[in-house]
Amino acid sequence: MSERRQRIWAPILILVALVILWEGLVTAFNIQQFLLPKPTAIVGNLVQVVVVGSATSGDAEEEASLGNRFLVVLPGGLSPERQAVLEASRWLSFPLGSRDVFVLRGSNFMPILAASWFTLKEALGGMAMGTVAGIAVALATTRWAASREALLPFAIAANSMPIIAFAPIMNNWFGIDNPFSKMAIVTIMIFFPIMINTVRGLTSVDSRSLELMHSYAASDSEILMKLRIPNALPSLFSGLKVAGALAMIGAIVGEYFGGPRIALGVFITQEAALFRFATAWAAILVACLLGIAIYLVILLAERLALPWHQTFRA
């Protein structure tokens, strides 16, 4: 197997093994759902597989409730009401021998999707503001050495501030239901990694390249545009990869201290308070998937922006 395929398949196989082990341990030791739900119970909030048997309506047993189980087996000869429920939430269906298989939306799929979209907009908005601020400060500190000494302590202080202490202040400044309060939290969280990585890229220029630019009488702006910024792009994308994960964390943690009911952080806390832990875990799973999606988008942008970089030459 090639190295590229190993990088793709190794995480997938490890994930599958962990999920099987998780399901097996919870079942074997009869761990209560409020401590650790089964993976099937978590996924069942998002998607369900319903297998309808081949029994006739006269032989049909009492129909079990779909609940939030991932795999549900029902007898044949379903009532019109149950058939309507399957058709209303169906994604796809196909025959399997004498049975019909329905893949349905989970009962909590739409609420979690709506909450995730709301929080994703907050994360992306804060990430955009933090990226712009970080790059602007990095350019200023590179251009004027005095500003580097003046601004760097404030950047370190902002990065050292606990987010759980800062979130209530932002909610008080901008309002609990105002998405900008969560965007401000995300901005502060990602500002430092963006700024520090960009500064490193702008300043760690090869001295020989810098001497060559000076020998051609290049101006400071030409050196910045043609040498420093291209040299800083790999470091900037490294900072963006870190910021992508921090953006979702900042938005969700900010919502723990108050926010509209549609927000993902509020949804998780409410479901946990009502002891619906499988649903809360399902929302956490979607948040993880969104964080991975942001990372992959940044990775794709890096590949498109830096085809000349040695990382992508192989």
- Task: Please answer whether the main-chain N or O of Ile176 pairs with a side-chain N or O of Lys182 as donor and acceptor at a distance below 3.5 Å.
- Result: yes

- Task: Locate the shortest heavy-atom distance separating Val186 from Gly250; write the atom from each residue and the value.
- Result: CG2-C, 3.9 Å

- Query: What residues, two or more places apart in sequence or in another chain, satisfy salt bridge (charged side-chain N to carboxylate O under 4.0 Å, His left out) together with Arg276?
  - Reply: Glu271

- Note on the structure: Minimal heavy-atom distance between Ala287 and Ile252, with the atoms involved, is CB-CD1, 3.6 Å

- Message: For a side chain to side chain contact (heavy atoms under 4.5 Å, CB included) check, start with the C-alpha distance between Leu210 and Arg228, then their side-chain angles and the critical distance, and finish with the verdict.
- Response: CA-CA 9 Å; Leu210 197 57; Arg228 293 191 183 275; 4.0 Å; yes

- Query: Of Ile284, Leu274, Asn45, which meets side chain to side chain contact (heavy atoms under 4.5 Å, CB included) against Thr279?
  - Reply: Asn45

- Query: Should Ile185 and Val253 count as side-chain neighbours, where that means a heavy-atom distance under 4.5 Å?
  - Reply: no

- What one should report as the nearest heavy-atom pair of Ala184 and Met170 is CB-SD, 3.5 Å

- Message: Using side-chain heavy atoms (C-beta onward) and a distance below 4.5 Å, is Val49 in contact with Val72?
- Response: no

- Tell me whether Leu35 is reachable from Trp281 by hopping between hydrophobic residues (I, L, V, M, F, W, Y) whose side-chain heavy atoms are closer than 4.5 Å. yes

- Is a side-chain donor or acceptor of Asp100 paired with a backbone partner of Leu96 at a separation under 3.5 angstrom? no

- Note on the structure: Separation between CG (Leu233) and CG (Leu306), nearest 0.5 Å, reads 5.5 Å

- Task: Give, for atom CG of Leu240 and atom OH of Tyr295, the distance between the pair rounded to the nearest 0.5 Å.
- Result: 11.5 Å

- Message: Looking at Lys226, I'd like to know if its NZ atom is crowded, meaning that more than 12 non-hydrogen atoms belonging to other residues, nucleotides or ligands lie closer than 6.0 Å.
- Response: no

- Item | In one Ile/Leu/Val/Met/Phe/Trp/Tyr side-chain cluster, 4.5 Å: Ile249, Val242 | yes

- Does one hydrophobic cluster hold both Val47 and Val51, with members joined at side-chain heavy-atom distances below 4.5 Å? yes

- Starting from the C-alpha separation in whole Å, work towards a yes-or-no answer on side chain to side chain contact (heavy atoms under 4.5 Å, CB included) for Lys38 and Gln33. CA-CA 7 Å; Lys38 296 179 181 179; Gln33 293 292 296; 4.0 Å; yes

- Query: Going by heavy atoms in the side chains, are Trp22 and Ile42 under 4.5 Å from each other?
  - Reply: yes

- Applying ring-ring contact (aromatic ring centres under 6.0 Å, His included), run through Trp91 and Phe109 and close with a yes or a no. CA-CA 12 Å; Trp91 271 332; Phe109 176 80; 5.0 Å; yes

- Query: Do Tyr256 and Val266 touch side chain to side chain, with heavy atoms closer than 4.5 Å?
  - Reply: no

- Query: Looking just at side-chain N and O atoms, do Asn197 and Ser238 make a donor-acceptor pair shorter than 3.5 Å?
  - Reply: no

- Task: Run the numbers on Leu120 and Ile294 for side chain to side chain contact (heavy atoms under 4.5 Å, CB included), then give the verdict.
- Result: CA-CA 10 Å; Leu120 178 62; Ile294 293 174; 3.9 Å; yes

- Item | Expected output: side-chain Thr187 to main-chain Gly126 donor-acceptor under 3.5 Å | yes

- Using the rule that two of Ile, Leu, Val, Met, Phe, Trp, Tyr join whenever any of their side-chain heavy atoms come within less than 4.5 Å, decide whether Leu304 and Leu296 are in one cluster. no

- Task: May I ask you to decide if Asp177's main-chain N or O and Ser181's side chain share a donor-acceptor pair within less than 3.5 Å?
- Result: no

- dist Met248:CE -> Ile292:CD1 (nearest 0.5 Å) comes out at 11.0 Å

- Message: With a 3.5 Å distance limit and no angle check, can you tell me whether Glu122 reaches the backbone of Phe180 through a side-chain donor-acceptor pair?
- Response: no

- Under a 4.5 Å cut-off applied to non-hydrogen side-chain atoms, are Phe118 and Phe267 in contact? no

- Task: Without swapping roles, check the side chain of Thr27 against the backbone of Gly24 for a donor-acceptor pair under 3.5 Å.
- Result: no

- Give a yes or no on whether Val205 and Phe237 share a hydrophobic cluster (residues Ile, Leu, Val, Met, Phe, Trp, Tyr; joining criterion: side-chain heavy atoms under 4.5 Å apart). no

- For side chain to side chain contact (heavy atoms under 4.5 Å, CB included), just list the numbers for Ile298 and Met127, CA-CA rounded to whole Å, side-chain angles, deciding distance to a tenth of an Å, and then say yes or no. CA-CA 12 Å; Ile298 295 171; Met127 188 174 177; 3.5 Å; yes

- Locate the shortest heavy-atom distance separating Gly201 from Ser235; write the atom from each residue and the value. CA-OG, 3.8 Å

- Query: Does a salt bridge link Glu87 with Arg90, judged by any charged N lying under 4.0 Å from a carboxylate O?
  - Reply: yes

- Message: Can you list, by chain and residue number, the hydrophobic cluster partners of Leu18 when the side-chain cut-off is 4.5 Å?
- Response: Ile14

- What is the distance from atom NE2 of His214 to atom OG of Ser207, rounded to the nearest 0.5 Å? 10.5 Å

- Query: Which residues satisfy the side-chain contact (heavy atoms from CB on, under 4.5 Å) test with Ile229, sequence neighbours excluded?
  - Reply: Leu202, Leu224, Met225

- Note on the structure: What one should report as the nearest heavy-atom pair of Ala167 and Gly254 is CB-CA, 4.2 Å

- Task: Taking the side chain as every heavy atom from C-beta outward, state whether Arg99 and Val52 have any pair of such atoms under 4.5 Å apart.
- Result: no

- Query: Does some side-chain heavy atom of Asn108 sit less than 4.5 Å from a side-chain heavy atom of Leu46?
  - Reply: no

- Message: Do Phe192 and Ile194 make a side-chain contact, defined as non-hydrogen atoms from C-beta onward lying under 4.5 Å apart?
- Response: no

- Side chain of Glu23, backbone of Thr40: donor and acceptor closer than 3.5 Å? yes

- N/O donor-acceptor pair under 3.5 Å between Asn231 side chain and Ser204 backbone: yes

- Which atom names give the shortest non-hydrogen contact between Ala280 and Ala272, and what distance separates them? CB-N, 4.3 Å

- Between atom CG of Leu290 and atom CG of Leu264, what is the distance when rounded to the nearest 0.5 Å? 7.5 Å

- Kindly compute the distance separating CG (Leu236) from NZ (Lys241), expressed to the nearest 0.5 Å. 11.0 Å

